[in-house]
J.: 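I am attaching a structure below and will ask some questions about it afterwards.
Hydrogens, waters and symmetry mates play no part in the numbers below; they use all other heavy atoms, side chains included. All values reported here derive from a predicted model rather than from experimental measurement.
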Amino acid sequence: MSARDDALLHPVRIRIVQILASSGPCTARQLDDALADVPMTSLYRHLGRLVEAQLLDVIGERPVRGSIEKTYALAAATDSPQAGPDATAEEYFRSFLATIAMQLSSI
């Protein structure tokens with residue numbers, strides 16, 4: 001199992017993907033509001049894991065009270081190629097992620 005596959009196999013990370021798929025780009029604070037049962041430190045750890053696995057992109061940064069607030073989006077939402085006969089493994093994976101995200105957003 002790859003690090004990417006492993007990154008999705010956690011209930012909180014699936015919920016993060018579900019929120020981003022249905023709501024669009026969000027900051028960590030917005031995700032924290034939606035995931036009230038998840039401590040903020042854990043949320044940051046899960047976001048870091050998803051970014052590291054290239055499942056989320058940081059699409060914006062702005063200074064807020066002495067720190068940097070990041071805006072996160074699904075990687076598939078910023079670059080979602082259609083997997084065709086000549087698609088690379090990366091394109092197939094992004095297409096798969098987009099499909100899964102769409103399914104999760106309808107739950």
Side-chain angles (χ1 to χ4, degrees):
M1 181 178 302
S2 73
R4 237 182 196 180
D5 298 335
D6 187 47
L8 275 177
L9 296 178
H10 191 283
V12 172
R13 291 191 285 268
I14 289 173
R15 289 170 60 198
I16 290 169
V17 168
Q18 182 179 14
I19 291 165
L20 292 172
S22 62
S23 301
C26 294
T27 64
R29 179 60 54 200
Q30 292 166 323
L31 289 166
D32 182 52
D33 290 343
L35 300 167
D37 60 320
V38 178
M40 191 63 147
T41 53
S42 294
L43 178 61
Y44 279 121
R45 187 174 61 250
H46 290 301
L47 288 169
R49 185 83 181 271
L50 289 166
V51 169
E52 181 181 300
Q54 299 177 350
L55 297 171
L56 297 185
D57 287 330
V58 176
I59 61 166
E61 294 182 343
R62 69 182 186 105
V64 175
R65 293 185 297 268
S67 66
I68 302 295
E69 179 182 64
K70 296 178 182 179
T71 301
Y72 299 91
L74 291 176
T78 59
D79 176 22
S80 57
Q82 296 299 315
D86 297 329
T88 65
E90 178 71 19
E91 290 168 333
Y92 275 114
F93 184 81
R94 286 187 183 272
S95 181
F96 169 75
L97 179 62
T99 302
I100 295 298
M102 295 292 283
Q103 293 299 318
L104 288 173
S105 67
S106 66
I107 294 176

J.: For Leu8 versus Ile14, what's the shortest heavy-atom pair and its separation?
T.: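 What the structure gives for the nearest pair is O-CG1, 3.1 Å.
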
J.: Tell me, do Leu55 and Val17 make a side-chain contact under 4.5 Å, heavy atoms counted?
T.: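 No, too far: nothing below the 4.5 Å cut-off.
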
J.: Could you tell me whether the side chain of Val51 reaches within less than 4.5 Å of the side chain of Asp57, counting heavy atoms only?
T.: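 They are not in contact (no side-chain heavy atoms under 4.5 Å apart), so the answer is no.
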
J.: Can you give me every donor-acceptor pair (side chain of residues 37-45, partner residue at least two apart or in another chain, under 3.5 Å) with its distance?
T.:
unit_1: Asp37; atom_1: OD1; unit_2: Arg15; atom_2: NH2; d: 2.9
unit_1: Asp37; atom_1: OD2; unit_2: Arg15; atom_2: NH1; d: 3.2
unit_1: Ser42; atom_1: OG; unit_2: Arg45; atom_2: NH2; d: 3.3

J.: Leu56 vs Ile16, test: side-chain contact (heavy atoms from CB on, under 4.5 Å). Steps then yes/no.
T.: CA-CA 10 Å; Leu56 297 185; Ile16 290 169; 4.3 Å; yes

J.: If I compare all heavy atoms of Cys26 with all of Ile19, which pair ends up nearest, and what's the gap?
T.: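 Minimum heavy-atom separation between Cys26 and Ile19: SG-CG2, 4.4 Å.
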
J.: For residues Ala7 and Leu50, report the shortest heavy-atom separation together with the two atoms involved.
T.: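 Closest heavy-atom pair between Ala7 and Leu50: O-CD2, 4.0 Å.
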
J.: Kindly state each residue pair satisfying ring pair (Phe, Tyr, Trp, His ring centres under 6.0 Å) with at least one member in residues 15-42, sequence neighbours excluded.
T.: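 Listed by first then second residue: nothing to list.
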
J.: Counting only pairs under 3.5 Å, give me each side-chain donor-acceptor contact of residues 63-72, with atom names and distances, residues two or more places apart or in other chains.
T.:
unit_1: Ser67; atom_1: OG; unit_2: Val64; atom_2: O; d: 3.2
unit_1: Glu69; atom_1: OE1; unit_2: Arg62; atom_2: NE; d: 2.7
unit_1: Glu69; atom_1: OE1; unit_2: Arg62; atom_2: NH2; d: 2.9

